Amino acid sequence: MSCADKQNKIPVLDYQNKTKLLEVVKKHFDQNTNVAFGGYFDESGKQTIAAGIEVDNGTDWGIKFAQLKIVDDEFKVIYETELLDGSFRQSFVDKIKISSFDNEMIYYNSRDYYLGSGGGEIFSYIINFEAKQVYYAHLVIEPSNLISLFISENTESKEIRNFFILTFRKDYPNLKIVDEDIIVD
């Protein structure tokens, strides 16, 4: 084995060290990775990696999340979300544990990146790798001061619905829950 082969091997991972984990994922998986978390994201009982990747290739723009494990010294994708609205600039991303679920999940919130003086929108996701589901909440603030929160239909868990509602109510106590998602031009 040459020195070059050794350099390309994935080093032993410290799943708790987000900075080191991100460096390794950027080098061995995708250089556009913005965040990486180690955690128990499925019922395998083994730690895997949740990576958040920003996509901007001229035709597609947004973010996606992938669950990775190491197989034969390579990162293999267990599950990857579709391209989601959002950016990692100014966003908040962390792993969370919701008590009614056995596995950890990833929480994303775009914060004020898409907000301006005349209103705007906030995208929020909880990614459940075990169920291969993305739970989605979309807050829209219209110039008329109407504040609407849409929560995706697949968000059947009361605990996750309440998490989204309570998170947004802190900053927007007069928000109204709506049944249809609002598309902002």
Side-chain angles (χ1 to χ4, degrees), residues 1 5-89 91-111 113 123-138 151-164 167 181:
M1 193 184 288
D5 289 339
K6 273 196 185 120
Q7 277 186 312
N8 290 330
K9 284 184 78 108
I10 296 174
V12 174
L13 296 176
D14 174 356
Y15 287 95
Q16 304 320 309
N17 186 332
K18 288 189 272 197
T19 310
K20 277 271 186 249
L21 210 53
L22 181 58
E23 280 174 26
V24 173
V25 173
K26 275 179 169 292
K27 181 176 177 186
H28 295 276
F29 177 67
D30 187 330
Q31 65 198 26
N32 297 314
T33 303
N34 291 73
V35 293
F37 300 92
Y40 296 95
F41 297 112
D42 59 31
E43 290 175 11
S44 69
K46 295 180 170 61
Q47 288 200 76
T48 56
I49 297 168
I53 301 142
E54 186 133 355
V55 176
D56 184 3
N57 58 21
T59 48
D60 297 318
W61 188 75
I63 59 173
K64 64 183 177 177
F65 292 89
Q67 181 187 13
L68 309 173
K69 70 176 181 178
I70 299 174
V71 177
D72 298 330
D73 214 40
E74 278 182 12
F75 282 119
K76 291 278 188 245
V77 176
I78 300 170
Y79 169 71
E80 187 173 79
T81 67
E82 61 192 66
L83 197 60
L84 306 169
D85 290 316
S87 170
F88 285 108
R89 288 183 283 276
S91 71
F92 175 81
V93 189
D94 206 351
K95 86 181 163 179
I96 61 170
K97 180 73 180 83
I98 293 188
S99 62
S100 56
F101 292 83
D102 293 334
N103 53 298
E104 294 175 301
M105 300 185 216
I106 293 295
Y107 170 64
Y108 166 88
N109 185 310
S110 65
R111 301 218 300 228
Y113 186 70
F123 298 100
S124 188
Y125 306 102
I126 292 177
I127 293 90
N128 181 347
F129 292 106
E130 171 62 29
K132 298 182 174 21
Q133 291 285 317
V134 176
Y135 309 114
Y136 163 68
H138 185 204
I151 299 173
S152 61
E153 284 174 29
N154 70 329
T155 310
E156 291 166 3
S157 159
K158 271 196 167 33
E159 210 175 342
I160 291 178
R161 284 186 69 82
N162 288 339
F163 177 88
F164 282 135
T167 298
D181 198 2

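Atoms considered below: every heavy atom in the structure, side chains included; atoms not considered: hydrogens, waters and symmetry mates. The model shown is predicted, which means the values in this text are computed figures rather than measured ones.
Side chains of Asp42 and Tyr40: no donor on one and acceptor on the other come within 3.5 Å. For the residue pair Asn128 and Gln133, no side-chain donor N or O sits within less than 3.5 Å of a side-chain acceptor on the partner. Neither side chain, Asn103 nor Glu43, offers a donor N or O lying under 3.5 Å from an acceptor on the other. In summary, the side chains of Tyr136 and Asp181 do present a donor paired with an acceptor at a separation below 3.5 Å, with no hydrogens or angles considered.
Salt bridge absent: Lys64 and Glu82 never bring a charged side-chain N and a carboxylate O closer than 4.0 Å. A salt bridge links Glu74 with Lys76: at least one charged nitrogen is closer than 4.0 Å to a carboxylate oxygen. Taking a cutoff of 4.0 Å between a charged side-chain nitrogen and a carboxylate oxygen, Glu156 and Arg161 do not qualify as a salt bridge. The pair Lys95-Glu104 meets the salt-bridge criterion, since a charged nitrogen lies less than 4.0 angstrom from a carboxylate oxygen.
The minimum heavy-atom distance between Ala36 and Lys18, with the atom names listed, is O-CG, 3.7 Å. Considering all non-hydrogen atoms of both residues, Asn32 and Asp30 come closest at N-OD1, 2.7 Å. The two residues Met105 and Ile127 make their nearest non-hydrogen contact at CB-O, 3.2 Å. In plain terms, the two heavy atoms of Tyr125 and Val134 that are nearest each other are CD2-CG1, 3.6 Å. Here the closest heavy-atom approach between residue Tyr135 and residue Ala131 is recorded as OH-CB, 4.2 Å.
From Phe88, atom CZ reaches atom OG1 of Thr33 across 9.0 Å, with rounding to the nearest 0.5 Å. In this structure, CD1 in Ile70 is found 4.0 Å from CG in Leu13, a value given to the nearest 0.5 Å. We find the CZ-CD1 distance between Phe129 and Ile49 to be 11.0 Å, quoted to the nearest 0.5 Å. Atoms CG and CD, from Leu21 and Gln47 in turn, are 9.0 Å apart once rounded to the nearest 0.5 Å. To the nearest 0.5 Å, the span separating CD1 on Ile78 from OG on Ser44 amounts to 7.0 Å. Within the model, atoms NZ of Lys9 and CG of Asp73 stand 4.5 Å from one another, a figure rounded to the nearest 0.5 Å.
Side-chain contact between Val77 and Leu68 is present, with heavy atoms from C-beta onward closer than 4.5 Å. Here the side chains of Ser87 and Trp61 are in contact, with some heavy-atom distance below 4.5 Å. Counting only heavy atoms from C-beta outward, the side chains of Ser91 and Phe123 never approach each other to under 4.5 Å. Inter-residue side-chain proximity for Thr167 and Ser124 is flagged as unmet; no heavy-atom pair is nearer than 4.5 Å. Side-chain contact between Ile160 and Ile98 is present, with heavy atoms from C-beta onward closer than 4.5 Å.
Counting non-hydrogen atoms of neighbouring residues, nucleotides and ligands closer than 6.0 angstrom, the NZ atom of Lys26 exceeds 12 such neighbours.
Residues that satisfy the ring pair (Phe, Tyr, Trp, His ring centres under 6.0 Å) test with Phe37, not counting sequence neighbours, are absent from this structure. With sequence neighbours left out, the ring pair (Phe, Tyr, Trp, His ring centres under 6.0 Å) criterion links Phe164 to no other residue.
Using cut-offs of 30° and 60° on the angle between ring planes, the pair Phe75 and Phe29 is perpendicular.
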